[in-house]
Structures are given as structure tokens and as C-alpha cells.
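Bear in mind that the values here come from a model prediction, so they are computed numbers and not experimental data. Proteins get letters first, then strands, A, B, ... in listed order; numbering begins at 1 in each.
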4 protein chains.
Amino acid sequence: MNEHPPMTRIQARNRAVILSGGLDVFSIAGFRGATLDQIADAAGLSKPNLLYYFPSKDAIYAALLEQLLATWLDPLRALDADGDPVTEVLAYARRKLALSRDFPRESRLFATEILAGAPQIHAMLAGPLRDLVNEKALVLQSWMDAGRIRATDPHHLIVSIWALTQHYADFDVQVRAVLGDGDAFAGADHFITDLYRSLLDPAPARRL
Amino acid sequence: MNEHPPMTRIQARNRAVILSGGLDVFSIAGFRGATLDQIADAAGLSKPNLLYYFPSKDAIYAALLEQLLATWLDPLRALDADGDPVTEVLAYARRKLALSRDFPRESRLFATEILAGAPQIHAMLAGPLRDLVNEKALVLQSWMDAGRIRATDPHHLIVSIWALTQHYADFDVQVRAVLGDGDAFAGADHFITDLYRSLLDPAPARRL
Amino acid sequence: MNEHPPMTRIQARNRAVILSGGLDVFSIAGFRGATLDQIADAAGLSKPNLLYYFPSKDAIYAALLEQLLATWLDPLRALDADGDPVTEVLAYARRKLALSRDFPRESRLFATEILAGAPQIHAMLAGPLRDLVNEKALVLQSWMDAGRIRATDPHHLIVSIWALTQHYADFDVQVRAVLGDGDAFAGADHFITDLYRSLLDPAPARRL
Amino acid sequence: MNEHPPMTRIQARNRAVILSGGLDVFSIAGFRGATLDQIADAAGLSKPNLLYYFPSKDAIYAALLEQLLATWLDPLRALDADGDPVTEVLAYARRKLALSRDFPRESRLFATEILAGAPQIHAMLAGPLRDLVNEKALVLQSWMDAGRIRATDPHHLIVSIWALTQHYADFDVQVRAVLGDGDAFAGADHFITDLYRSLLDPAPARRL
DNA sequence: CATGAATGAGTCTTCATTCAT
DNA sequence: CATGAATGAAGACTCATTCAT
């Protein structure tokens with residue numbers, strides 16, 4: 001089942017530091033803007049040693065994206081058709097926001113890739129992502145049809161959650177410049193909860 | 001008052017053509033990813049000729065950002081403390097969305113700059129932008145205090161409008177992959193209007 | 001008819017010196033063994049300037065081979081079915097030998113390419129070269145059938161002429177070590193003439 | 001007398017395996033074109049292990065050339081001044097051809113070395129080889145003087161035998177492209193025998 | 001105003017070789 | 001005896017920029 005020889009401790013460690021260094025650099029500079037020198041510095045390894053573990057700059061980038069995509073859709077996948085509608089949507093939005101808070105570099109990596117036209121992950125967007133979104137949009141639609149949440153466009157609802165939650169990671173610099181250097185995520189959590197509860201709650205007794 | 005010699009028609013035209021080409025390229029590839037060759041191609045000029053009109057690659061980029069920033073805050077500036085609160089906020093959001101629809105390259109250019117850590121425009125973020133946001137947040141707060149819109153965090157309200165509206169330009173590739181190639185902005189306009197009306201309208205007779 | 005813009009004098013000159021420098025280096029070191037630095041030195045240009053005129057190392061090599069192949073088959077093409085058989089064959093061998101004498105670098109370039117497995121020119125060998133050899137072998141065969149030259153294998157006859165004549169260019173170092181530094185080609189010319197006259201002349205009054 | 005410690009069976013086997021792998025690679029790619037990775041692959045050993053048995057890439061190459069030169073001159077050495085002249089020369093040419101047939105990699109290795117200017121074996125060419133050729137040329141000359149073979153240049157005679165016989169190994173790719181994939185050596189043997197009998201036989205009753 | 005020519009400073013990648021175990 | 005790990009030096013190629021006309 002495992003086609004590769006077992007990884008030694010050194011291999012595992014070095015691949016990890018390289019990926020972490022790569023994430024640091026790629027998430028700020030994008031693929032083209034990043035240099036192997038920067039990544040090697042960030043990883044604390046020499047440049048040829050980098051290429052001993054990964055065959056090329058592309059391979060590092062590809063490994064990072066693969067690793068990212070493996071978990072990127074998890075929050076949406078967890079949206080449960082059998083749960084309470086408002087609770088489920090709010091929980092999804094908060095999970096997504098927590099992901100941005102805990103993995104801002106990954107979020108920015110994703111953003112740079114999308115901004116560049118998604119050369120590496122276009123297939124995933126048009127395939128698995130689209131399918132998952134359509135599936136969950138049906139769930140949302142069924143809830144709306146049953147009057148359990150207010151009717152609105154389910155696709156745009158999902159997209160709006162992405163936009164809002166990722167923004168706090170991706171536009172971090174701007175957010176901090178405007179909101180100050182405190183924890184923007186706590187306030188964001190409140191605001192986003194408030195926002196989607198207002199939109200979705202069919203019973204307008206809104207304040208908690 | 002005009003320190004530069006008067007610009008000939010050719011000069012004006014070529015500067016414009018270069019800036020447009022630069023916008024094409026920078027907005028997709030980012031600063032480092034863009035090359036003068038690509039910009040020259042996009043502008044239909046030779047590379048040395050580019051550098052006749054702008055002293056360097058940086059200068060083209062800086063000129064684009066400057067041009068962008070000159071109008072970037074206009075929609076927010078236009079938020080009128082004397083207008084009807086809900087109407088004003090919704091109008092602001094829709095103006096911002098229209099800007100994304102009509103100037104997606106500019107939006108992406110701004111996004112790449114922010115993602116890279118805003119090396120060129122940090123001062124503007126921490127200065128004029130922050131000041132304007134604080135000023136308008138006070139307006140929003142006064143409306144909330146007067147019960148004319150529902151109470152929520154005015155800073156996050158503004159940030160959320162940025163996030164939502166810019167997302168449709170910046171993450172265009174992803175949005176199209178998920179929503180299809182139709183006009184996402186029309187649906188976004190409806191959704192965003194609905195979303196903020198739900199949040200803000202103090203009288204819960206929400207449906208139109 | 002001419003799809004390229006007309007070449008300036010500088011372009012023509014620089015392309016020529018690059019090709020000559022490339023010939024110097026490739027013919028001794030082979031493709032892999034040659035470096036752009038060596039070629040740039042031989043051409044008297046900077047390395048980036050080399051790549052201003054040719055897009056890559058491969059392109060220089062390919063241009064040299066193309067130039068070579070354009071004339072490589074001329075001596076054999078000139079073998080005239082209507083001429084005197086012995087005269088024609090001897091003249092062909094002597095033309096080929098003269099080519100080796102006058103263009104030893106080209107001969108060695110061809111040799112290194114063949115020794116490496118002919119990665120670039122295999123198609124030419126299996127196509128035009130094979131066809132031409134078959135055509136001329138038929139001519140030789142008809143002469144043999146008519147008793148105008150002695151019967152032997154016409155294909156091997158042609159191959160042997162290649163082997164003998166090219167050897168004096170390709171194995172120049174060895175030939176000089178054994179024969180001394182004098183003009184080996186003069187002696188070769190006599191010997192080769194003698195050799196093929198002996199083989200082919202149907203009338204055994206052999207001495208001249 | 002034996003300065004080296006006795007070689008274990010593993011040592012002997014691995015040195016042999018490395019030399020064979022090196023021969024595979026060097027004979028196709030030349031010295032510069034060959035990489036230790038390729039040789040290690042061909043030998044089925046790891047790269048550092050290669051360098052446990054040979055101190056450097058150069059050393060492998062040098063060992064191959066040394067091994068080659070040890071037997072390279074044997075066919076010519078065996079030319080017997082006391083034998084029948086025509087028989088001796090034909091036998092020499094056929095031995096040399098057989099060597100090319102049976103050891104084509106060695107022949108190509110020699111060719112790449114000569115084409116590169118014989119940096120490693122120039123001394124051998126100008127010394128032992130030259131001496132041996134001169135010695136055998138005297139034998140040939142004496143036969144000519146005695147009228148036992150026809151008079152021609154004995155040095156060129158020897159060189160021509162090298163050229164013809166080695167060509168079938170070194171230019172294998174070209175020969176196969178022109179003659180087809182059959183056994184070119186059988187035909188070559190006939191042709192070469194015919195060629196030199198025609199040249200040398202003093203009694204013109206030539207056909208067998 | 002425009003462009004062909006040229007280059008120094010990178011940037012990715014290869015590779016022979018060394019080190020440590 | 002064997003190999004995983006590491007690297008300095010070099011090599012092909014890119015690119016912003018300068019020069020000359």
C-alpha cells in the first residue's frame with residue numbers, strides 16, 4: 001500500500017521544515033515571487049539540500065497545495081443535513097473562520113494561487129469543489145423550502161462565507177491597519193455570527 | 001503648479017497604454033511575477049520604449065497603485081451621514097460591488113499588493129484609509145445609537161463589505177468554477193443587498 | 001517568402017561568430033560537454049548576448065547541424081549515373097576527402113552526434129540519407145551488372161568511403177600521432193585513389 | 001610485487017560491475033556527458049559506493065581507457081612478419097573488425113576520447129602506438145619491396161584498416177539507418193576482405 | 001520618439017564529491 | 001561494505017536595465 005520506502009526521521013523532519021519554509025515564502029510572494037534561496041533560508045537548509053528532498057521549486061509548491069487541498073473542504077463537508085439549519089450554517093462559518101485564524105499562511109497560499117488564475121488547482125475547483133458546493137447548496141435549498149431558514153441564494157451564501165472568513169487571513173495587513181493590532185478574529189466571529197443569524201433566522205426575535 | 005512639461009498627445013497615449021498593459025500583467029502575476037517583456041507585449045511597445053516613459057518597473061507599478069488609490073476610497077467617502085442609514089449602507093455596498101465588476105484588474109492588483117504585505121501602500125492603509133474608516137464608523141455608530149439601524153460592530157461592518165464585494169473580482173476564477181460562467185455580479189448584488197438589509201433594518205418586515 | 005525581418009549587418013556577423021564558436025566547441029566536446037561559457041569565449045561575446053541571438057544552447061547546436069546537413073550529402077548527390085564509372089567513384093571519394101580536409105570541425109560535429117546516438121538527426125539518417133544511398137547504390141549496381149566496374153556490395157562501398165574519408169578529420173589526433181604532423185590528406189588522397197581503383201577497375205592493368 | 005592488498009571477491013565483482021556500467025555510459029555520452037548517477041544506475045550500486053571503489057569519475061574513466069589500451073593493439077601486434085603477406089593483412093583486418101563487432105562500447109569509448117582531442121591517451125598514441133605502427137609498416141614495406149604484395153603506403157594502409165573496421169562500431173546508428181537492422185558485420189567482412197585482396201594481391205586472379 | 005544590442009545580477013538546477021553513520 | 005545526507009561549484013537561462021544610434 002505504501003509504495004515509498006519508509007521515511008527516516010531526518011527525511012520527515014526536513015521535508016516538514018522545507019514545506020513550512022515554503023509556506024512562509026510562497027504565501028507572501030506567490031509562486032513566481034518566491035525564490036529557493038528564501039525558502040532555503042526559512043527552512044535553515046542549503047539550497048541544493050532543498051532539492052535533495054524535492055526535485056524542484058514546483059514540486060515544493062505542488063506538495064503544499066496538495067496538503068492544503070486535503071483539508072480545505074473539510075469544514076463544508078461537515079455541514080450536516082440532519083442538524084439544525086441555523087446552527088449548522090453558523091457553525092460552518094465559524095469553523096471556516098477558525099481555519100483562517102489558525103492557518104493564515106495556507107489561506108494566503110490559496111489566495112495567491114487563485115489570483116494567479118489557479119494554474120495548478122483549476123481542476124479541483126471545477127471538480128470536487130463545485131460538486132461539494134452543489135451538494136450542500138441542495139441541502140440549504142431544502143431547508144429554505146421547508147421554511148427552516150429564510151430563502152436566499154444558497155450558492156452565494158456559501159461564497160459569502162468564504163469571502164468573509166478568508167478575508168481576515170488574506171487581507172490581514174489591511175485589517176490590522178484599520179482595526180488595530182488586536183485580535184481581529186474575536187470581533188469577526190461575533191460579527192459574522194450576527195450577520196448570518198440575521199439573514200437566516202426565520203423567527204425575527206434576533207437579539208441574544 | 002504643473003511641474004512637468006506639458007505632455008504631448010503621444011506621451012499621454014503611451015503612458016496610458018503602458019499602465020493598462022501593466023495592469024493586465026501585474027494583476028495576474030503580481031509584482032515579481034510580471035516581466036517587462038510581458039508588459040511591453042501587452043502595451044504593444046518595445047521594452048526600451050517602456051523605460052523611456054517610466055524609469056523602471058517599480059515606477060510603473062507605483063503609478064498604477066497611485067492611480068488606484070486616488071479613487072479606491074471614493075465609494076466609502078460618499079457614504080452620507082445625512083442620508084437614510086439603511087439606504088446609505090446598501091448603496092455603499094452596491095457601489096463597491098460595481099467597482100469590482102467594472103475594475104476587476106484594479107481590485108486584483110490591490111489584492112496582490114496586500115497579500116505581499118502591502119510594501120508600497122502600507123502608509124496609506126495606516127493613514128488615510130484608517131482615518132476614513134474611523135470617521136465613517138462614527139457615523140454608523142451614531143445611527144445605531146439612534147436606533148436607525150441595528151447595533152453591530154461598525155468597523156467589521158465596513159470590512160465585511162470589502163471582503164464580500166472584492167471577493168467576486170479577486171477570486172473570480174473560483175467563483176466561476178463554482179457558479180458557472182454566467183454573470184456572478186447580478187446574483188451577488190441581490191444577495192448582498194438581502195444580507196445587509198437583514199442585518200441592519202431595525203423594522204423586521206424584511207421581504208421586498 | 002522571407003518570414004523573418006531582414007537581418008542587420010550586426011545580426012549576421014554575430015550569428016556567424018556564434019556558430020563558428022559553437023562549431024569549435026561542440027566539435028571537440030560534444031553537445032553535453034560544451035558550455036555556453038566556452039562558446040561565448042570562442043565567439044568573443046558575453047554569454048547573455050549569445051542567448052540574445054539564439055534562444056538556447058540547443059538552438060545553436062541545432063542550427064549547426066542544420067547548416068551541416070544542408071551540404072553534407074552534396075558529394076554523393078553529384079555522383080553521376082551518366083559519367084564514367086571508375087572516374088565517378090574516385091571523384092566522389094576525393095570530393096568527400098576534400099570535405100573532411102576543408103571542414104574538419106563539421107565532420108567531427110557529425111561524428112559526435114552519431115556517437116551520441118544521433119538524437120537530433122536520426123530522422124535525416126533514416127530518411128533522406130537512406131534514400132539517397134539506395135538510389136546511388138542502384139547506379140553502382142547497374143555499372144557492376146554491365147561489367148563496367150567489378151562486382152562488390154554497393155552499400156558497403158559507399159559506407160567504406162565515408163569511413164575512410166571522415167576518419168582523417170575525426171581521428172586527426174591519432175592520425176597525426178602516427179603519421180607525423182605533415183599533411184596527411186595528400187597521402188590519403190593517393191592511397192584512397194589507389195585503393196578504390198584496385199577494387200573497381202575491371203581491367204587489371206593497374207599501375208599508372 | 002603486488003602492492004595492493006588482495007582483492008576480495010566482492011571488491012573484484014563490484015569493480016567489474018562499475019567498469020561495465022561506466023563503459024555503457026561513457027561510450028554513449030562521452031566523459032562530460034556521463035554522470036555518476038547514470039553509471040551508478042547502470043552498475044546497480046549507490047553513488048557513494050561507486051566512489052568507494054574508485055576515487056573519482058576521472059578514475060573510472062582512466063581505468064576503462066587503461067583496460068582498453070591493454071588489448072587495443074593486440075590485433076596489430078599479431079601481424080606476423082613470417083606469415084604469408086596477403087593472409088596476414090587480411091587476417092589483421094578481420095581481427096580488427098571482429099573486435100569492433102564484439103566490443104563496440106570499447107570502440108566508441110576510444111572514439112569519443114580521440115574526438116575530444118585524446119586528453120588522456122595522447123602519450124600512448126605518440127609512443128607505443130606510433131612505435132608499433134612504424135614497426136609493422138616496415139614489415140609491410142619489406143613485403144612490398146619483395147613484390148609479395150603490391151606497393152602502396154604502408155602507414156595509410158594501416159590507418160585505413162582502423163577507419164573501416166571501427167566505423168562499423170562507432171557509426172553503428174548511421175550504418176543501421178542506411179543498411180537496415182541486419183548484421184552489418186557479415187557484409188562488412190566480405191567487403192573488406194575483397195577490398196584489401198584487390199589492393200594487395202600481386203597476382204590479379206582475384207575472384208574466389 | 002523608438003529600438004536593436006548588450007550585460008550584470010540573479011534564479012533554478014545539476015553534479016562530483018564529502019561526511020557521518 | 002554500504003548508503004542517506006549534504007554541499008560548493010558550475011551551468012543554462014532570465015530579466016531589469018543601459019547603451020548607442
*Asks:* Starting at the 5' end of DNA chain F, what dot-bracket string do you get if Watson-Crick and G-U pairs under 3.5 Å are bracketed, crossing pairs use [ ], other-strand pairs use | and unpaired bases use dots?
*Replies:* .||||||||||||||||||||
*Asks:* Could you please spell out the steps behind the side-chain contact (heavy atoms from CB on, under 4.5 Å) verdict for D/Arg108 and D/Asp172?
*Replies:* CA-CA 10 Å; D/Arg108 276 197 282 268; D/Asp172 173 60; 3.7 Å; yes
*Asks:* Using side-chain contact (heavy atoms from CB on, under 4.5 Å), reason through D/Glu113 and D/Tyr61 one step at a time and then give a plain yes or no.
*Replies:* CA-CA 10 Å; D/Glu113 169 70 8; D/Tyr61 188 73; 2.6 Å; yes
*Asks:* Expressed as a whole number of angstroms, how long is the span from A/Asp41:CG to E/dT11:C1'?
*Replies:*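 From A/Asp41 CG to E/dT11 C1': 14 Å.
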*Asks:* Might you work through the side-chain contact (heavy atoms from CB on, under 4.5 Å) test for D/Leu115 and C/Phe171, ending with a clear yes or no?
*Replies:* CA-CA 6 Å; D/Leu115 274 165; C/Phe171 285 67; 5.5 Å; no
*Asks:* Would you call the rings of A/Trp72 and A/Phe110 parallel, tilted or perpendicular if under 30° counts as parallel and over 60° as perpendicular?
*Replies:*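 Rings of A/Trp72 and A/Phe110: tilted, as their planes differ by 30° to 60°.
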*Asks:* When the distance from OH of D/Tyr53 to P of E/dA16 is rounded to whole Å, what number comes out?
*Replies:*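 Roughly 20 Å, once rounded to whole Å.
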*Asks:* Please test B/Gln38 against B/Asp41 for side-chain contact (heavy atoms from CB on, under 4.5 Å), starting from the C-alpha separation and ending with a verdict.
*Replies:* CA-CA 5 Å; B/Gln38 293 171 325; B/Asp41 270 6; 5.6 Å; no
*Asks:* Under 6.0 Å from the ring centre and within 45 degrees of the ring axis: does the NZ or CZ of C/Lys47 meet both conditions for the six-membered ring of C/Tyr52?
*Replies:*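 Verdict for C/Tyr52: no cation-pi partner in C/Lys47.
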*Asks:* Which pair of non-hydrogen atoms, one from A/Gln174 and one from B/Ile114, has the smallest distance, and what is that distance?
*Replies:*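 Closest approach of A/Gln174 to B/Ile114, heavy atoms only: CB-CD1, 4.1 Å.
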*Asks:* Is there side-chain contact between A/Phe31 and A/Lys57, with heavy atoms separated by less than 4.5 Å?
*Replies:*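 With C-beta onward as the side chain, the pair touches.
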*Asks:* Please examine the side chains of B/Phe54 and B/Leu19, heavy atoms only from C-beta on, and report whether any two atoms are closer than 4.5 Å.
*Replies:*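 Sidechains of B/Phe54 and B/Leu19: in contact.
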*Asks:* Between the protein and nucleotides 12-14 of chain E, are there any N/O to N/O pairs under 3.5 Å, and if so, what are the atom names and distances?
*Replies:*
residue: E/dC12; atom: OP1; partner: A/Ala34; partner atom: O; Å: 3.4
residue: E/dC12; atom: OP1; partner: A/Leu36; partner atom: N; Å: 3.3
residue: E/dC12; atom: OP1; partner: A/Lys57; partner atom: NZ; Å: 3.2
residue: E/dC12; atom: OP2; partner: A/Leu36; partner atom: N; Å: 3.0
residue: E/dT13; atom: OP2; partner: A/Lys57; partner atom: N; Å: 2.9

*Asks:* Might you point out which heavy atoms bring D/Thr112 and D/Ser27 nearest each other, and give the distance in Å?
*Replies:*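 For D/Thr112 and D/Ser27, the tightest heavy-atom pair comes out as CG2-O, 4.2 Å.
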*Asks:* Under 4.0 Å from any heavy atom of chain C: name the first and the last nucleotide of DNA chain F that qualifies, 5' to 3'.
*Replies:*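 Span of nucleotides near chain C: F/dG11 to F/dT14.
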